[in-house]
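Okay, so here's the structure we're looking at.
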Amino acid sequence: MAVLGTFLVVAGHGWPGRPDRCTLSIPDGCFCERFDPSAVLAGAPGVRQPANTWFNLYALGTSLYVAVRLSRDRSARVDRNLITSANPLADLYVFAVLLLGLGSMWFHASLEEWGGYIDGLSMYMFVGYLICYTAYRLSPSVARFWVGYIALVTAAMITQICWKSDGAAVAVVSVLVAVYFLLEIGSWVASGTVMLGRPKTIALWLTALGSISIAAAFWYLSRTGAALCDPDTLWQPHAVVWHPLAGVTAVLLYHYWREAPG
């Protein structure tokens, strides 16, 4: 609630800083939804892209779901692996799922450069968790998880800040996702079972893959000037498909990890 509460306070008082690079091109590259450039330049109060902003509230539901499921596992003493245990690393995933949506809100509401960094951080924290948890499954060490996670997220943030390009965050996330897939395949090879080897786990992982694939397709097709882009409608595929399906993917992967042996 602290992240959302701070967001509402800042949105009500105005957005300091300088405009994100996406606002400077003609046409702009800010994910289709029309906004008022003068309001961005002035740092005026309000929300620049309402649909792309408010549909990120899906994260309240996905993170609450994961938190409740984790709490029930702990109460029932399931503790079959790290993600069902009382270890703070399980709670970190709840926060990563929450920030995946609420972090994006800062960017779409402000269209300020620093809002883009918060959006990037939210993605790096989530995908970084996928990488480090999968690495943990291959070689369990809580200490290595923390060191690797902090180093990975920090390196990703530094890369985005230093790489002066609209597509920096997308490129960094793409590399991180590729690393995750390689580690996931490595876990199948090491264990001798593909996707944990049961119909339920295979269905969970493949559905997660399908969910994020559909989301990515809509993300691509709804960019500014792309086939599904209509700047003047509240039906923004970036908002109503890409954002929520990313949350669905996060929940499906959580259930997939729950099924893994310790």
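For clarity, every value in this text was computed on a predicted model and none was experimentally measured. Residues: numbered from 1 along the sequence shown.
In summary, Asp91 and Arg74 engage in a salt bridge, as defined by a charged side-chain N under 4.0 Å from a carboxylate O. The residues Asp36 and Arg48 are annotated as not salt-bridged, no charged nitrogen and carboxylate oxygen being separated by less than 4.0 angstrom.
Applying the salt bridge (Lys or Arg N to Asp or Glu O under 4.0 Å) test to Arg144 and every residue at least two apart in sequence or in another chain returns nothing. The ring pair (Phe, Tyr, Trp, His ring centres under 6.0 Å) search around Tyr93 returns Tyr129, Trp257, not counting sequence neighbours. The disulfide bond (SG atoms under 2.5 Å apart) check on Cys32 picks up Cys229, with sequence neighbours excluded.
Applying the side chain to side chain donor-acceptor pair (under 3.5 Å) rule to pairs touching residues 17-27 yields Arg18-Glu113, sequence neighbours excluded. Legend: side chain to side chain donor-acceptor pair (under 3.5 Å) pairs involving residues 203-214, not counting sequence neighbours, sorted by first then second residue: Tyr180-Trp205, Ser211-Thr249. Residue pairs that meet the ring pair (Phe, Tyr, Trp, His ring centres under 6.0 Å) test with at least one member in residues 65-92, sequence neighbours left out, are Tyr65-His255.
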**OP:** May I have the step-by-step check of side-chain contact (heavy atoms from CB on, under 4.5 Å) for Leu183 and Leu138, ending in yes or no?
**Re:** CA-CA 8 Å; Leu183 284 171; Leu138 285 165; 4.0 Å; yes

**OP:** Just do the side-chain contact (heavy atoms from CB on, under 4.5 Å) check on Phe107 and Glu112 with the steps written out, would you?
**Re:** CA-CA 7 Å; Phe107 169 68; Glu112 300 289 349; over 6 Å; no

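Aromatic ring orientation, His243 versus His108: perpendicular (interplanar angle above 60°, classes split at 30° and 60°).
In this structure, Arg137 forms no cation-pi arrangement with Tyr133, as its terminal cationic atom is not both closer than 6.0 Å to the ring centre and no more than 45° off the ring axis.
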